[in-house]
Every structure is written in structure tokens, then in C-alpha cells.
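Whatever order the structure lists ligands and atoms in, that order sets their numbers, starting from 1.
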Amino acid sequence: MKLILLGAPGSGKGTMAAVLKREYKITHISTGDIFRANIKEQTPLGIEAKKYIDQGALVPDELTISMVEDRLSQDDCANGYLLDGFPRTIAQAEKLDEMLAKSGSKIDAVINVTVPAEVIMERVVNRRVCLSCGESYNVVSRPTKVEGVCDVCGKEVVHRDDDKPETVKARLETYEKNTKPLIDFYADKGIVIEADNSQSPEHAFEQASAALAKMGF
Ligand code: ADP
Ligand code: ZN
């Protein structure tokens with residue numbers, strides 16, 4: 001099964017990804033996590049990507065696409081995967097279709113995680129993430145047991161540089177302009193599933209999994 005997760009920054013896309021990964025035992029590929037790991041290690045890719053990420057802008061398509069192409073060629077992707085944070089532009093989506101077509105494959109479903117706009121800022125500003133396993137927390141609603149330490153893997157949990165209010169605003173604008181059009185792009189193919197995440201991640205997961213079951217997954 002090849003899935004894409006779409007959703008605005010702060011929609012709970014990351015939490016949803018963790019649940020899908022666990023329930024469907026599917027390889028989870030988060031472009032944001034890969035960029036953050038590269039920034040932490042100060043690789044050439046990380047140093048370049050950071051310039052854009054800190055502005056709330058997108059990393060250029062060429063860099064992002066080649067990184068994803070490389071990741072998808074690894075063994076753990078052979079039986080499917082969950083793409084989280086990719087594609088984020090129409091150009092990336094078209095390129096992904098092209099890559100998949102080469103092996104006679106395609107995306108099975110696109111899960112669109114939605115949440116009311118007013119919830120987003122609060123969630124993102126209070127968010128903390130694990131740089132190692134990608135688990136996310138919220139200082140108000142879901143704190144770590146030990147401050148600054150990931151409950152799952154014991155590594156460091158931080159406030160992302162791009163989770164500052166000014167940057168979140170820029171990221172939301174970037175999302176509206178570049179990524180929202182993808183919903184229509186995939187709706188035209190009839191593969192969009194809605195997951196309303198305004199109540200709880202469990203509720204959003206139930207909604208998505210029921211739709212996936214109808215599609216035979
Ligand atoms: P969120 O979904 O919370 O905005 P992510 O962790 O998915 O955050 O991504 C963080 C940042 O990494 C984005 O704001 C963007 O700068 C960069 N990024 C991630 N994925 C892509 C992509 N597919 N194309 C371009 N830039 C990306
Ligand atoms: Zn962790």
C-alpha cells in the first residue's frame with residue numbers, strides 16, 4: 001500500500017503518521033524528519049535545506065525530489081510506504097507519478113488530515129518533537145514524562161526552530177499556495193480520504209481506516 005498524508009502544518013499529520021505506521025506496519029517517510037536529521041548532522045543537504053526551512057519556505061524541488069527518489073529505492077520501501085510531507089508541490093506530485101509509473105505502480109490513497117485554522121497556531125507553538133524518532137509532544141496537552149526526553153526512544157525532544165509564531169504563519173501561507181492544490185490534483189484521481197482531526201487522533205484514524213477498508217486495504 002502506497003499512501004500520502006496531506007495536511008497543514010499543525011493539522012496533526014505527524015501524529016496521524018505515527019498511528020498509521022503502527023496499525024498498518026508500514027514504512028514511514030517524513031521529508032521533514034529527513035531534513036531535520038541532515039541539519040543536525042550538518043550535511044551539505046542539511047545546511048542548504050535549513051536556509052529555506054527557517055524561513056517557512058519550501059526546500060527547492062530538485063533537492064527534495066532527489067532525496068525522496070533515493071529514499072524510495074531502499075529495501076524497506078519495496079512493499080509500500082506512507083509519505084508524510086511529500087509531495088508538497090504539483091511539480092513534486094507529477095515527478096512522483098513518473099517515478100512510480102516506471103515500475104508500473106501508483107499511489108493508492110491520499111489521506112487529507114484537517115483541523116480548524118484556529119487550533120493550528122496553538123498546537124504548533126506548544127509542539128515539541130523528538131529529533132531521533134520523530135514522535136511529537138505538546139507541552140500543554142501531551143507533555144513528555146521527563147522534560148526534554150522522548151518517552152519512546154529516550155533521545156532529545158526540542159522546540160523546532162521553525163515552530164516560532166512568525167515562521168508558522170509563513171508555513172501556513174506556503175501550504176495554502178503550494179500544497180493545498182494537491183488535494184484537487186488527487187481528488188481528480190478519486191483517491192482522497194478525509195480525516196477530521198479536530199476531535200482526537202483516534203477519531204481521525206478511525207475515519208481514515210474505514211475508508212481504506214472500503215478500498216480493500
Ligand atoms: P510541517 O508539516 O509541520 O510543516 P514538516 O516536518 O513536514 O513540517 O516539514 C518542515 C519543513 O521542511 C517545511 O516547512 C519545509 O521547509 C521542509 N520540507 C519538508 N518536506 C518538504 C517537501 N516535500 N518539499 C519542500 N520542502 C519540504
Ligand atoms: Zn524519540
request  = Indicate the atoms forming the closest heavy-atom contact of I193 with A109, along with that distance.
outcome  = CD1-CB, 4.0 Å

query = If we only count N/O pairs under 3.5 Å, is G85 in contact with ligand 1?
reply = yes

note = The protein heavy atom nearest to atom 17 (C) of ligand 1 is I53 CG1, 3.8 Å

message = I'd like the name of whichever of R88, K50, M67, R171 reaches closest to atom 2 (O) of ligand 1 through any heavy atom.
response = R88

request  = Check whether the side chains of D61 and T89 place a donor and an acceptor atom closer than 3.5 Å, and report yes or no.
outcome  = yes

query = Just checking, is any N or O donor in the side chain of D84 or H28 under 3.5 Å from an acceptor N or O on the other one?
reply = yes

query = Should you measure from each heavy atom of G32, which atoms of ligand 1 turn up under 4.0 Å away?
reply = 5 (P), 6 (O), 9 (O), 19 (C)

query = For the residue pair L172 and A8, what are the closest heavy atoms and their distance?
reply = CD2-CB, 4.3 Å

query = In terms of side-chain heavy atoms, does N38 have a donor or acceptor partner in T43 at a distance below 3.5 Å?
reply = yes

ask   = Any idea which protein heavy atom is nearest atom 27 (C) of ligand 1, and the distance to it?
value = F35 CE1, 3.7 Å

task = Could you grab the distance from atom CG of D76 to atom CD1 of I26, nearest 0.5 Å is fine?
result = 11.0 Å

note = Angle subtended at the Zn ion (ligand 2) by C133 SG and C130 SG, to the nearest 10 degrees, is 110°

ask   = Looking only at N/O atoms, are R36 and ligand 1 under 3.5 Å apart anywhere?
value = yes

remark   = Counting heavy atoms under 4.0 Å, the part of V59 that contacts ligand 1 is both

key: Metal-centred angle, SG of C150 through the Zn ion (ligand 2) to SG of C153, rounded to 10 degrees   = 110°

Proximity winner for atom 8 (O) of ligand 1, if only heavy atoms of K13, R160, K51 are counted = R160

task = Check each heavy atom of R127 against ligand 1 and say whether those closer than 4.0 Å belong to the side chain, the backbone, both or neither.
result = side chain

ask   = Quick one: which ligand 1 atoms are inside 4.0 Å of a heavy atom on P9?
value = 3 (O), 4 (O)

message = With a 4.5 Å cut-off on side-chain heavy atoms, are I29 and F86 touching?
response = no

task = For T31, counting its heavy atoms only, list the atoms of ligand 1 lying under 4.0 Å from any of them.
result = 19 (C), 20 (N), 21 (C), 23 (N)

task = Inspect the surroundings of CG in D188 and state if more than 12 heavy atoms from other residues, nucleotides or ligands are less than 6.0 Å away.
result = yes

inquiry  = Which of the numbered atoms in ligand 1 are under 4.0 angstrom from any heavy atom belonging to Q92?
reply    = 22 (C), 23 (N), 24 (N), 25 (C)

request  = Pull out every atom of ligand 1 sitting under 4.0 Å from any heavy atom of A57, numbered as shown with elements.
outcome  = 15 (C), 16 (O)

message = Check for me whether K189 meets the cation-pi criterion with F185, that is, NZ or CZ under 6.0 Å from the six-membered ring centre and within 45 degrees of the ring axis.
response = yes

ask   = Above 12 or not: heavy atoms from other molecules or residues under 6.0 Å from CD of Q42?
value = no

